[in-house]
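Worksheet: one structure, shown below.
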Amino acid sequence: RAKSSGRNTYMFYRQEMNAHAFERLTLESELHRAIQQQEFVLYYQPKVCLQTGLILGVEALLRWRHPELGILLPEKFIPLLEDTGLIVPVGQWVIEQALADCNQWYEQGLEHIKMAVNLSPNQLKDVKFIEGLQNALAQHQLSTSCLELEITENTMMADGEKAFVLMQQLQQIGIKFSVDDFGTGYSSLAYLKRLPVETIKIDRSFIQDIGIEQEDEIIVKTVIAMAKSLGYRVVAEGVENLEQVNFLKSLNCDIAQGFLFSRPIPSAELVSHLQDLQHQASNLCH
Ligand code: C2E
Ligand code: MG
Ligand code: MG
Ligand code: MG
């Protein structure tokens, strides 16, 4: 009996593995189709100046408009894009699409909106990255000053020297960098000081517990104080309520981003609702 149960367990395990491998294989071939059929789309989430309530820019967030499953979030497909290296062409598409949308907004008089794009470690290792970026900017007649790149602490530290050199080259052509999800990686503000970084985005997990966990409040307060005194601009991610806004304002945090102001939305919706979003943001920061 023991033997047969062991065997069942083994078969069950093997089937699980197969199901998993199969799912991955399906997803992988679907990703190729998604690229060809242009099933990817960018959503945009506003970033709000806490002192003035002005919308200063947006973050581009990738979505997959799957023909059967609907809109898929990055957590479902970015890991596979990264494993397969497909993140390099898809990341290039993200930059091109973000700049194309940006160009349209500017033509409608929205020149004050800055664009932020997320980067994966593989993109920062790609020697053709700068060239692709510069071509996309030239194509839309945009200057580097409209663009900001968001990278996590771990991306900056992985492959340390290479990433460092590319970041410096990008800085020289006028690109600004933000550290994304700050506080969840292994870097320190002291380490970041070596890198051409201008802005620090405090991870949502710390912001979430403002008004709930005193330790998180102390972390947020300390990070903001230290980052600001070192000359960084500070963004709070995942702001969902007014209590968080007031706490962050009292600490002189520069910028907030979160569902309270707006969920990520398609470009057309952003343009048509910008006045409402701006009005609402001004009220919330008042
Ligand atoms: P991220 O760069 O930290 O982006 C912020 C994430 O927090 C977004 O999730 C956004 O929808 C979510 N968020 C914003 N405000 C709130 C809030 O108030 N409450 C909650 N619960 N969530 C909030 P999303 O769009 O699912 O993206 C997840 C991650 O996927 C991003 O985290 C980023 O690391 C990655 N990602 C997204 N687009 C791209 C891309 O084009 N390229 C690369 N390489 N990574 C991307
Ligand atoms: Mg980001
Ligand atoms: Mg983030
Ligand atoms: Mg985050």
Side-chain angles (χ1 to χ4, degrees), residues 31 34-35 39-48 55 57-65 70-102 114-126 129 132-133 136 147-156 158 163 176-185 197 199-210 223 234-245 248 255-267 270 277 280-281 284:
L31 278 176
I35 293 170
E39 291 170 10
F40 290 109
V41 54
L42 291 181
Y43 278 31
Y44 297 98
Q45 185 180 40
K47 296 185 184 182
V48 175
I55 295 175
V58 295
E59 176 174 6
L61 294 160
L62 188 58
R63 301 289 181 261
W64 178 3
R65 211 189 278 133
I71 298 282
L72 298 183
L73 294 174
E75 61 190 19
K76 284 261 186 271
F77 60 89
I78 289 212
L80 194 52
L81 283 178
E82 281 174 345
D83 286 355
T84 53
L86 288 171
I87 193 67
V88 171
V90 172
Q92 176 64 22
W93 174 85
V94 169
I95 287 178
E96 282 164 17
Q97 187 60 47
L99 292 177
D101 286 334
C102 203
K114 297 229 166 180
M115 175 63 72
V117 168
N118 293 287
L119 280 199
S120 283
N122 281 330
Q123 291 177 273
L124 258 195
K125 286 181 208 151
D126 179 15
F129 179 76
L133 182 70
L147 188 67
E148 189 177 39
L149 298 177
E150 297 194 2
I151 48 185
T152 65
E153 299 161 71
N154 297 339
T155 300
M156 294 176 179
K176 305 263 195 300
F177 285 96
S178 296
V179 189
D180 212 342
D181 306 343
F182 186 76
T184 61
V197 165
T199 304
I200 286 179
K201 300 187 76 176
I202 303 177
D203 191 65
R204 172 158 59 91
S205 56
F206 301 105
I207 306 302
Q208 185 165 278
D209 287 334
I210 290 172
V223 170
V234 183
V235 178
E237 294 187 326
V239 173
E240 294 184 354
N241 61 53
L242 257 186
E243 186 173 6
Q244 294 162 346
V245 167
L248 293 163
I255 293 170
Q257 185 184 347
F259 293 172
L260 178 69
F261 299 101
S262 173
R263 288 185 175 259
I265 51 177
S267 174
L270 180 83
L277 289 170
Q280 196 183 322
L284 289 166

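Read the numbers this way: they start at 1 and go in the same order the structure lists the ligands and their atoms. Numbers for residues simply follow the sequence, beginning at 1.
- Judged purely by atom type and a 3.5 angstrom limit, Gln97 has no side-chain atom pairing as donor or acceptor with the backbone of Trp93.
- Closer than 2.8 Å to the Mg ion (ligand 2) sit the protein N, O or S atoms Glu59 OE2, Asn118 OD1, Glu150 OE1, Asp180 OD2.
- Not one N or O of Glu82 is nearer than 3.5 Å to an N or O of ligand 1, by distance alone.
- Heavy-atom proximity to Ser120, at under 4.0 Å, picks out these atoms of ligand 1: 44 (N).
- Take Tyr44 and apply the ring-ring contact (aromatic ring centres under 6.0 Å, His included) test, not counting sequence neighbours, and it matches Trp105.
- At least one heavy atom of Arg63 sits closer than 4.0 Å to an atom of ligand 1.
- Checking only distances, Gln257 never comes within under 3.5 Å of ligand 1, N or O to N or O.
- Using a 4.0 angstrom heavy-atom cutoff, Gly91 does not count as in contact with ligand 1.
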Item checked: Derivation and outcome, side-chain hydrogen bond (donor to acceptor under 3.5 Å, both in side chains), residues Thr152 and Asn154 -> CA-CA 5 Å; Thr152 65; Asn154 297 339; 5.4 Å; no

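- Residue Val94 approaches ligand 1 through these ligand atoms, each under 4.0 Å from one of its heavy atoms: 41 (O).
- Only side-chain heavy atoms of Pro264 come within less than 4.0 Å of ligand 1; its backbone N, CA, C and O stay farther off.
- Between the side chain of Glu148 and the backbone N or O of Ala116, no donor-acceptor pair lies under 3.5 Å.
- Checked by distance only, ligand 1 and Phe259 come closer than 3.5 Å through their nitrogen or oxygen atoms.
- Distances from ligand 1 to the non-hydrogen atoms of Glu59 include at least one value under 4.0 Å.
- Residue contacts with ligand 1 include Gln45, since one of its heavy atoms falls under 4.0 Å from the ligand.
- For Ser120 and Asn122, the side-chain atoms include no donor-acceptor pair closer than 3.5 Å.
- If you number the atoms of ligand 1 from 1 as listed, the ones under 4.0 Å from a heavy atom of Gly258 come out as 15 (N), 18 (O).
- For ligand 1, the atoms closer than 4.0 angstrom to any heavy atom of Ile78 are 36 (N), 39 (C), 43 (C), 45 (N), 46 (C).
- Listed by chain and residue number, Gln92 satisfy the side chain to side chain donor-acceptor pair (under 3.5 Å) test with Glu96 (two or more places apart in sequence, or in another chain).
- In this structure, the salt bridge (charged side-chain N to carboxylate O under 4.0 Å, His left out) partners of Glu59, at least two apart in sequence or on a different chain, are Lys201.
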